[in-house]
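Notes follow once the structure below has been shown.
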Amino acid sequence: MGKDVLKAPPGVGSGRRGALALLGTLALAGCARRWPAGLDVDTSISAASQDSRVRFIVLHYTDGDDRASLRTLSAGDVSAHYLVSDERTGAGRVRVYNLVPEDRNAWHAGESSWFGRTALNNASIGIEITNEGPLPGGNGQAPDWQAYSEAQIRAVILLVRDIARRHGIRPENIVGHSDIAPQRKIDPGPLFPWRRLAQDGLGRWYDETAAQAAGARFVATGLPDAAWIQEQLTRVGYAVPRSGVYDPATVRVIAAFQMHYRPARYDGVADAETAAILSVLPGESE
Ligand SMILES: [Zn+2]
């Protein structure tokens, strides 16, 4: 991880001169880059204007147990930078595997879009969490979902905070796979604790008092139409058809939005509470 600290934008590393000096010494001693013979490269001056190529953090569940997840993510044709396993390491902690270096692409997002930016593998860090996802419902009704363990959530929070800080990631760009690929994906599912992350200062949330007031207004005056819902979903980042009707693709996007911001019901129906949250959720920050 030392390499990432060295690449941090100006300001982030202030107060860390001692650590940086130490890392610099280590780099010279152990792993200084070798340039081709005949090339005179001077790395002593670093430009002030630079930032990370990473813009997004994408959260997933693996749809399997630790063994299957690690096999797929290490040897299969998909991968992630991190796997937060459910393997206990003691003291209430779980093992986190770093499977792909942060400065390389992992293959976790697939066809994806957020605020109009596509192919997010090129600009994101992918975090998989060992979790089976939807379990077969006993009564043929809605599925039950496997819960994330407290130790996994604590690890995710520590990891996301560290990555977001080092790469300067905006709150609205900490997302689920279902947010960026709502037509194909439902992970990390309705039990992923987005609200808790937001209370910990991670990711985007909304003013709940303002949402309640907006909800009461929608109940009193009637719901906005599908075109408005689609416009708002676009404003807050989602790729959604602008058809003006609740077509199946739009319903899937609404369900993805609900899983993230109103997980108590994610049926894809644009009810008053859904419209209210949409109306107060911040768009892209500057
Ligand atoms: Zn996924």
Side-chain angles (χ1 to χ4, degrees), residues 54-87 94-102 104-115 117-136 143-149 152-153 155-157 159-160 163-164 167 169 172-194 196-197 202-204 233 237-240 249 252-261 263 266 268:
V54 175
R55 291 277 179 277
F56 310 93
I57 297 174
V58 183
L59 281 302
H60 306 257
Y61 61 59
T62 58
D63 241 335
D65 61 16
D66 276 330
R67 208 181 143 89
S69 303
L70 197 53
R71 192 172 52 231
T72 302
L73 291 171
S74 61
D77 57 3
V78 295
S79 60
H81 296 87
Y82 296 97
L83 170 64
V84 177
S85 78
D86 210 14
E87 262 180 77
V94 290
R95 189 179 312 281
V96 176
Y97 291 91
N98 180 195
L99 301 170
V100 177
E102 290 186 9
R104 291 176 62 79
N105 286 348
W107 300 351
H108 62 98
E111 196 181 325
S112 48
S113 173
W114 194 241
F115 287 109
R117 179 154 185 172
T118 56
L120 299 185
N121 277 344
N122 295 327
S124 63
I125 301 285
I127 301 174
E128 290 272 3
I129 310 164
T130 296
N131 182 284
E132 301 276 359
L135 307 168
D144 293 324
W145 298 77
Q146 187 184 358
Y148 293 100
S149 70
Q152 285 180 310
I153 295 306
V156 166
I157 287 173
L159 188 58
V160 168
I163 296 167
H167 293 281
I169 293 174
E172 68 271 21
N173 290 340
I174 299 173
V175 293
H177 203 184
S178 53
D179 293 315
I180 62 168
Q183 304 303 327
R184 302 186 296 117
K185 295 293 177 181
I186 54 172
D187 62 309
L191 295 190
F192 187 81
W194 292 109
R196 176 168 164 192
L197 260 69
L202 300 170
R204 173 178 61 178
L233 285 167
Y238 292 83
V240 65
R252 281 192 283 273
V253 178
I254 295 170
F257 173 81
Q258 291 168 330
M259 277 196 187
H260 191 136
Y261 296 103
Y266 48 90

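Read the numbers this way: they start at 1 and go in the same order the structure lists the ligands and their atoms. This chain uses plain numbering: 1 for the first residue, then up along the sequence. Here the structure is a predicted model, which means the values were calculated and not measured.
Taking the six-membered ring for Trp and the full ring otherwise, the centers of Y82 and Y97 sit at least 6.0 Å from each other.
Among the heteroatoms counted here (N, O or S) of D187, OD2 is the one nearest to the Zn ion (ligand 1). When the N, O or S atoms of H177 are ranked by distance to the Zn ion (ligand 1), ND1 comes first. The Zn ion (ligand 1) is closest to atom ND1 of H60 (considering only N, O or S atoms).
None of H81, H60, H177 except one satisfies the side chain to side chain donor-acceptor pair (under 3.5 Å) rule with H108; the exception is H60.
In this structure, E87 pairs ionically with R95, as a charged nitrogen and a carboxylate oxygen lie closer than 4.0 Å.
Between H260 and W194, the ring planes are parallel. Angles under 30° get that label, and only those over 60° would be called perpendicular.
In summary, H108 places no N/O/S atom under 2.8 Å from the Zn ion (ligand 1), failing the contact criterion. Backbone or side-chain N, O or S atoms of E128 do not reach the Zn ion (ligand 1) at under 2.8 Å.
No donor-acceptor pair closer than 3.5 Å links the side chain of E128 to the backbone N or O of A80.
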